[in-house]
Amino acid sequence: MTKFIFVTGGVVSSLGKGLAASSLAAVLQARGFKVRLRKLDPYLNVDPGTMSPYQHGEVFVTDDGTEADLDLGHYERFTGVSSTHSDSITTGKIYSTVLAKERRGDYLGATVQVVPHIIDEIKSFVTNDITDEDFIICEIGGTVGDIESLPFLETIRQLGNDLGRDNVLYIHVTLLPYIAAAGEIKTKPTQHSVKELLSVGIQPDILLCRSERPIPEEARRKLGLFCNVKAERVIEASDLKSIYEAPLVYHANGLDGEVCKYFKIEAKQPDLTVWTEIVHRIYEPAGMVTIAIVGKYVQLLDAYKSLIQSLIHAGIANNVKANLKWVDSEQADSVSDQLKGAQAILVPGGFGERGVNGKLEAIKFARENKIPYFGICFGMQLAVLETVRNVLGLTEANSTELGQHTPEPVIGLMTEWMDGQTLQKRQLNGDMGGTMRLGAYDCNLDKDSKVAEIYGMTTISERHRHRYEVNPAYIDRIEAAGLKFVGMSPEGDLPEIIELQDHPWFIGVQFHPEFKSRPFSPHPLFVDFVKAALDQFSKKG
Ligand code: GLN
C-alpha cells in the first residue's frame, strides 16, 4: 500500500519545506522507491497564476497546463517526475469545487460545512490519482498556527486514522535559532510549534530541524523528550551552500533511514552517485561564466527560480559556475553600462510595460555587439519587436499588450488557435485566471536550424505560459531582416522559435524551457547558451 508522508512547517515561514520534501523524495527514489510529491496551499486564490511574482515568486507550469506553486519546480528538479493538476491544490480550488457541487445539488439537501465537506474534498485530492507509488509526500504550505491551514491539518489528522498510523508519517520542519548572547541553539520555539500541532491532534513522528549551526546532542535529546519524538528522529538540517547537497546530507543524518524504519520497510541503501557528482561539479567548477539577466523582478529572485536553476544546471554541464548578473530593466538609462562584462545576455519571461525599454536596449546591444542572446517568452517577443523597429524601421510597431492601438501590431492577442483537434478561443476582456496558452505544446523545428542541432531532433514539446503571440502577418518581412522563424506549432499557425542569422547565438523561444531543466538532465538550450557564452569569451579573450 502507498505510504503517505505529510510535511508541515513551524516557527517561521520560508524554512524550505519544499526543498526538504524534494530531497527526501530524491533519497527514497535512490533507494528504488516510486515517489510522488504534492502541495496543499492554504491561500484562497484558485491558483497562483493571477498573483504578482512579488507576492508569490515564480508561477511554475506543468505539462498539463497547471499554474502551480514554485515548490512543484523543486519536486520535478529533484525527482524528474512530472507533476500534474493532481499535485497542486489550494483552498480556492477546494472551495470552488465544493461550491460547484452544492449548486448542482450534489449534497442532496445537506448543510454544506467545512467538516465534513471541505475536509472530504481535500482528502479525495490527497488520495486521488495514485497508481503504484510507494510514497506520496505531501507538503502543507504555510506555518502551523495559521488560521488558513487549519482545514488541511484537520485533513491530514483524519487521514492518519482513515489510512492507519502505520501508513502515515508526519514530519515537522522547524527552526532552531542560535542566540548569540547565550551562545546557544534554542529549542523552545520548536517545542511551542509542536504543542500547536498537538492541539490539532497531530503528533509529529520526525522533526527536521533547520539550523545555522550543528545541533548539539543535548538539544536533540531535549527536543525528543519535550516533543515526544525519539532522539534519533530529531534530524539536523543545517544550511547548505547548494540545495543539491540536501539529499546527501539528509541521508547522512539518517532521515530516509528513519522513514524506512517507521514504516518497517526493508530497503537497500540509496545510490546517490548522481547527487555526489552534481555537488562535486557545483563546488569545484573549472571556470566561470557571467550571464546578464535583464528583468523587472530582480528585487525578488524567487520570481526567476526555475531560470536560475536551469543556468546552474547548464553550468554543471559545462563544468563552470554560472555567475548571474542581475540587470534592472527599469533603469533603462544604464542598461548598456550594466551589461559590460557579461558574456551573454538573457531576457526572461515578463508581463506589462514597465521595464520594456531597458529590455529592448539590452536586446539591441546583444544583436549589434554579437553577444549571445537568449530570449524567453516575453524576451522572444521583444527580440522580434526590436528587429521590426530598429532593422525594418517600423518605429510605431508594438505588442498590443503594451499599446492596444498600435498601427503595427507585431505581437498580438491570439483569440483563436488550434490545440490539436480543439479550437481554443479567447476574448479581449475575458477572465485573467487560467486563460493563457498553458502547458506543453509540440513544436516543429526546421531541420537546418541551430535549434534542431541543439535538440538533436525536429519535434519537441515545451511548456507555455503567455497570452500574446507573434503576428504571422509580419513573418515574411521579419525573415527578410534576418530573423528566421525556425520553430512553428504543428498546425503551422503559431511562431515558436526565432534565430538571428549572422550572429553567434541569438535565439528566442515563445515557451519556457526552464521548467524542464533538471540538474541530472540539463536543458539543451541552456547548455548550448552557456557554451556559446564561453566560446565567445575564448574568442575575445
Ligand atoms: N506577456 C507576454 C504574454 O502574455 C509574455 C508572457 C511571458 O513571458 N510568460 O504573451
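Remember, it's 1-based here, ligands and their atoms both numbered in the order they're listed.
Distance alone, capped at 3.5 Å, is enough to place a donor-acceptor pair between the Asp47 side chain and the Gly49 backbone.
Contact atoms of ligand 1 toward Cys377: 5 (C), 6 (C), 7 (C), 8 (O), 9 (N) (distance under 4.0 Å to a heavy atom of the residue). Atoms of ligand 1 found under 4.0 Å from any heavy atom of Arg467, numbered from 1 in the order shown, are 3 (C), 4 (O), 10 (O). Close approach of ligand 1 to Arg465 (heavy-atom distance below 4.0 Å) involves ligand atoms 6 (C), 7 (C), 9 (N). For ligand 1, the atoms lying closer than 4.0 Å to a non-hydrogen atom of Gly349 are 8 (O).
An N or O contact shorter than 3.5 Å is missing between Gln510 and ligand 1 by distance. Between Met436 and ligand 1, no pair of N/O atoms sits closer than 3.5 Å. Where the criterion is an N or O separation shorter than 3.5 Å, residue side chain and backbone included, Gly350 meets it with respect to ligand 1.
Under the 30°/60° scheme for interplanar angles, the aromatic rings of Phe529 and Trp505 are found to be tilted. In this structure, His466 and His464 have tilted ring planes: the angle between them lies in the 30° to 60° band.
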Exercise for review: Could you walk me through whether Tyr441 and Gln510 pass the side chain to side chain donor-acceptor pair (under 3.5 Å) test, one step at a time?
Suggested key: CA-CA 11 Å; Tyr441 284 82; Gln510 185 57 83; over 6 Å; no
Review point. Can you check ring pair (Phe, Tyr, Trp, His ring centres under 6.0 Å) on Tyr43 and His56, steps first, answer last?
Key: CA-CA 11 Å; Tyr43 49 75; His56 195 268; 5.5 Å; yes
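Geometrically, Lys305 does not engage Phe60 in a cation-pi contact defined by less than 6.0 Å to the ring centre and at most 45° from the axis. The cationic atom of Arg38 (NZ for Lys, CZ for Arg) lies less than 6.0 Å from the six-membered ring centre of Phe125 and within 45° of the ring axis.
Annotation: atom 10 (O) of ligand 1 to nearest protein heavy atom, Tyr468 N, 2.8 Å. When only non-hydrogen protein atoms are considered, atom 1 (N) of ligand 1 lies nearest to Glu401 OE1, 2.7 Å.
Contact between His512 and ligand 1 is present, with at least one heavy atom of the residue lying under 4.0 Å from the ligand.
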